[in-house]
Amino acid sequence: MTDEARYDGPTGESDAAADLDDAGFRGAVVAAIVPGQSPRVLHEAARYAGLLQTRLVVVNVDVTRFVTYEDPDGYVHSAPIDLNVTPGLDDLETVRGEASTVLDGKAVEWTVQQLVGDPALAVKHLADRIDAKLIVVGTRKRGIGESIREFFTGSVAARLAHRQHRPILVVPLGDPAGDDEDLWPE
């Protein structure tokens, strides 16, 4: 396992992608993870990395940071939206710990990276840069708050599906809803 915190790239990935490529992660499976997410997403990502005989890149996107400018060499500088908080670092540590719990002992080489900005675009750009074989994401929790958030921001999986060519595996996070069950109860 390797892990690295990154706050760079147009969507947080330029140096991270170069390092991943140098470390032999070209063609890896990319798993987009948020803190506290069901371990099913990591289990499935590791399973598919094994089936595809490749490595796994676990990414967390810090949405509290944005890109400020890009140097000519491709290094992009970012800044936090709120200068008094650093939730992204806490999220990265949480994701790193969750990944370690789920993936240690599995027969797949993996790494953790943090990107910044819009989740769909950050994951897309990283996947493009390392020529990922597959992107794995989880569904959102059901509930009125999540449905309102998705209405305004859109589904990361849907946005990825419309913005790039590689396959996306969407892993359900909980028990499936019944055919007659309301998906977003009030």
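- If you take NE2 on H125 and CG on D118, they are separated by 8.5 Å, rounding to the nearest 0.5 Å.
- Looking only at distances, a side-chain donor or acceptor of R26 sits under 3.5 Å from a matching main-chain atom of R129.
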Evaluate the side chain to side chain contact (heavy atoms under 4.5 Å, CB included) criterion for residues V137 and L169: first the C-alpha distance (whole Å), next the side-chain angles of each, then the deciding distance (0.1 Å), finally the verdict. CA-CA 6 Å; V137 297; L169 174 64; over 6 Å; no
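- Here K133 contributes atom NZ and L52 contributes atom CG; the two are 5.5 Å apart, rounded to the nearest 0.5 Å.
- At distances below 3.5 Å, not a single donor-acceptor pair connects side-chain atoms of E98 with backbone N or O atoms of P39.
- Remark: N60 CG to L115 CG distance equals 8.0 Å, nearest 0.5 Å.
- K124 meets the side chain to side chain donor-acceptor pair (under 3.5 Å) test with D128; sequence neighbours excluded.
- Using a 4.5 Å heavy-atom threshold, the side chains of L103 and L56 count as touching.
- Residues R96 and V112 approach most closely at CA-CG2, 4.3 Å, considering heavy atoms.
- Of the possible polar contacts, one joining the T94 side chain to the D90 backbone as a donor-acceptor pair under 3.5 Å is found.
- Of all heavy-atom pairs between A46 and V108, the closest is CB-CG1, 4.0 Å.
- Considering every non-hydrogen atom in both A161 and I168, the closest pair reads N-CD1, 3.3 Å.
- Within the structure, side chain to side chain donor-acceptor pair (under 3.5 Å) pairs that include any residue of residues 45-57 comprise E44-R47, R55-E109 (at least two apart or interchain).
- Judged by distance alone, with hydrogens and angles left aside, the side-chain atoms of R166 form a donor-acceptor pair with the main-chain N or O of A132 at under 3.5 Å.
- In this structure, L126 CG and L121 CG are separated by 12.5 Å, a value rounded to the nearest 0.5 Å.
- At a threshold of 4.5 Å between non-hydrogen side-chain atoms, the residues V30 and V136 do not count as touching.
- Contact check for L92 versus D62: no side-chain heavy atoms found under the 4.5 Å cut-off.
- Between the CD1 atom in I135 and the CD atom in Q164 there is a gap of 4.0 Å [rounded to 0.5 Å].
- Neither V34 nor V59 shares a network with the other; the hydrophobic side chains, linked directly or stepwise wherever heavy atoms of I, L, V, M, F, W or Y lie under 4.5 Å apart, form separate groups for each.
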Report the C-alpha separation of Q114 and V61 in whole Å, then their side-chain angles, then the decisive distance to 0.1 Å, and conclude whether the side chain to side chain contact (heavy atoms under 4.5 Å, CB included) test is met. CA-CA 6 Å; Q114 186 165 52; V61 182; over 6 Å; no
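- Looking only at side-chain heavy atoms (C-beta outward), V123 and L160 come within less than 4.5 Å of each other.
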With side chain to side chain contact (heavy atoms under 4.5 Å, CB included) as the criterion, how do W110 and V29 come out once you've worked through the C-alpha distance, each side chain's angles and the decisive distance to 0.1 Å? CA-CA 9 Å; W110 57 280; V29 169; over 6 Å; no
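- Here the OG1 atom belonging to T139 is positioned 8.0 Å from the CD atom belonging to Q37, to the nearest 0.5 angstrom.
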Take I33 and L42 through the side chain to side chain contact (heavy atoms under 4.5 Å, CB included) test and state the conclusion after the steps. CA-CA 8 Å; I33 303 297; L42 284 169; 3.8 Å; yes
